Amino acid sequence: MVAGIGAGGAAGATGVAAALAAAVLAGGAPAGGAHEPVLRTEARFAPPGGETSPAALTYDPGLVPAGAWIEVRQHTARDGANAVSLRVRGMRAGHEYGVHVHREPCGADPAAAGGHYQHEPSADPAAAHPGNEVWLDFTAGPDGTGAAEARHDWGFRPGEASSVVVHDRPGNSGARVGCLTVPFRPTANG
């Protein structure tokens with residue numbers, strides 16, 4: 001099962017789907033019953049460099065300004081279903097972003113985050129879709145805020161999901177313009 005909801009009217013958000021997303025963002029349960037909010041990670045974007053590497057990096061300050069804020073939450077149901085939610089503030093108003101869970105932590109080089117996390121790993125480009133990956137695409141509102149949520153009946157394998165990469169356009173590719181290192185937790189059915 002997959003559901004995606006992004007600010008700005010993304011992919012078929014219905015009243016029911018919007019209510020489910022609001023419930024998850026407010027601490028409600030994902031598919032599969034009661035849940036445990038496994039993690040919450042937040043940070044402000046900063047450019048790479050300096051003595052310490054920030055948790056959230058901007059590679060394009062025109063699209064992801066330094067100081068913009070990002071939050072990612074992971075909720076897991078008892079049956080292993082997984083919900084990942086995203087909220088941002090301070091992004092470029094009206095811009096459409098693509099966001100995906102990636103395999104490696106962020107680094108000064110945008111390529112450091114590796115490829116997209118895939119439930120069923122494949123080199124076939126046809127495997128890059130929201131049913132096999134975690135897509136959190138959104139359009140920033142007039143005030144620079146945005147939100148998205150993805151739910152799957154599968155979870156993450158240990159050590160294979162480590163960041164959320166912000167791309168310059170929605171879909172399965174695009175330039176990497178920002179990155180947040182997230183210590184995603186593995187789930188029983190990853």
Side-chain angles (χ1 to χ4, degrees), residues 1-6 10-14 16-18 20-21 23-25 27-41 55 70-88 96-107 110-138 146-190:
M1 172 182 179
V2 175
I5 300 173
T14 65
V16 171
L20 288 172
V24 168
L25 288 172
H35 75 288
E36 176 182 337
V38 176
L39 75 79
R40 175 183 176 269
T41 301
I70 184 170
E71 175 193 61
V72 172
R73 292 181 184 221
Q74 177 190 12
H75 295 270
T76 304
R78 280 184 224 173
D79 67 0
N82 203 33
V84 177
S85 61
L86 165 85
R87 293 189 312 151
V88 295
E96 296 179 32
Y97 294 88
V99 182
H100 312 101
V101 172
H102 280 245
R103 295 180 47 89
E104 302 295 333
C106 306
H116 294 181
Y117 176 87
Q118 293 187 327
H119 174 59
E120 296 178 2
S122 176
D124 182 353
H129 60 80
N132 194 38
E133 300 179 347
V134 178
W135 289 22
L136 299 161
D137 297 355
F138 70 94
E149 188 241 2
R151 302 159 147 292
H152 295 355
D153 60 5
W154 47 264
F156 297 123
R157 292 178 298 280
E160 293 189 33
S162 300
S163 62
V164 170
V165 173
V166 181
H167 297 270
D168 67 343
R169 65 177 182 257
N172 71 352
S173 64
R176 297 174 186 204
V177 297
C179 186
L180 172 67
T181 296
V182 180
F184 287 107
R185 302 292 190 244
T187 55
N189 62 353

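Every value quoted in this text rests on a predicted model; they were computed, and no experiment measured them. The basis for the numbers below is simple: all heavy atoms, side chains too, and nothing from hydrogens, waters or symmetry mates.
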**Q** Looking only at heavy atoms, which two atoms of Thr181 and Cys106 are closest? And how far apart?
**A** OG1-N, 3.0 Å
**Q** For the OG1 atom of Thr41 and the CG atom of Leu86, what is their distance to the nearest 0.5 Å?
**A** 11.5 Å
**Q** For Ser122 and Asp124, work out which heavy atoms get closest and say how close.
**A** OG-N, 3.0 Å
**Q** Are any side-chain N or O atoms of Asp168 and backbone N or O atoms of Ala175, one a donor and one an acceptor, separated by less than 3.5 Å?
**A** yes
**Q** Quick one: closest heavy-atom pair of Leu136 and Ala150, and the distance?
**A** CD2-N, 3.6 Å
**Q** Which distance, rounded to the nearest 0.5 Å, do you find between the OG of Ser85 and the CD of Glu71?
**A** 6.5 Å
**Q** Check whether any side-chain N or O of Asn132 sits under 3.5 Å from a backbone N or O of Ala127 as a donor-acceptor pair, and report yes or no.
**A** yes
**Q** Are the side chains of Val101 and His116 in touch, meaning some heavy atoms are under 4.5 Å apart?
**A** no
**Q** Checking the side chain of Arg151 only, and the main-chain atoms of Ala83 only, is there a donor and an acceptor separated by less than 3.5 Å?
**A** no
**Q** Quick check for you: to the nearest 0.5 Å, what is the distance between His119 atom NE2 and Asp153 atom CG?
**A** 7.0 Å
**Q** What is the minimum heavy-atom distance between Arg176 and Pro110, and which atoms define it?
**A** NH1-O, 3.0 Å
**Q** Return yes if some donor-acceptor pair links the side-chain N/O of Tyr117 with the main-chain N/O of Arg157 below 3.5 Å, else return no.
**A** yes
**Q** For His102 and His167, I'd like to know if the aromatic rings sit close, meaning centre-to-centre distance below 6.0 Å.
**A** yes
**Q** Identify the heavy atoms of Phe138 and Ala148 that sit nearest to each other, and give their distance.
**A** CB-CB, 4.4 Å
**Q** If you measure only the distance, is there a donor-acceptor pair under 3.5 Å linking the side chains of His100 and Glu133?
**A** no
**Q** Rounded to the nearest 0.5 Å, what separates atom CG in Leu39 from atom CZ in Arg185?
**A** 5.5 Å
**Q** Before accepting this row, confirm whether a basic side-chain N of the pair Arg169/Glu96 lies closer than 4.0 Å to the acidic partner's carboxylate O.
**A** no
**Q** Side chain to side chain contact (heavy atoms under 4.5 Å, CB included), that's the test. Do Glu160 and Phe184 meet it? Break it down for me.
**A** CA-CA 9 Å; Glu160 293 189 33; Phe184 287 107; over 6 Å; no
**Q** So, taking the atom named CZ in Arg40 and the one named NE2 in His75, what distance separates them when rounded to the nearest 0.5 Å?
**A** 10.0 Å
**Q** Go through it in stages, so that I can follow the logic: the residues are Trp135 and Val99, the test is side chain to side chain contact (heavy atoms under 4.5 Å, CB included), and I'd like the CA-CA distance, side-chain angles, deciding distance and then a yes or no.
**A** CA-CA 6 Å; Trp135 289 22; Val99 182; over 6 Å; no
**Q** For the pair Asn82 (side chain) and Phe156 (backbone), establish whether a donor and an acceptor sit closer than 3.5 Å, ignoring hydrogens and angles.
**A** no
**Q** Can Val182 and Ser163 be said to form a side chain to side chain contact (heavy atoms under 4.5 Å, CB included), step by step?
**A** CA-CA 5 Å; Val182 180; Ser163 62; 5.7 Å; no
**Q** Assign the ring pair His152 / Trp154 to parallel, tilted or perpendicular, where the plane angle (0 to 90°) is split at 30° and 60°.
**A** tilted
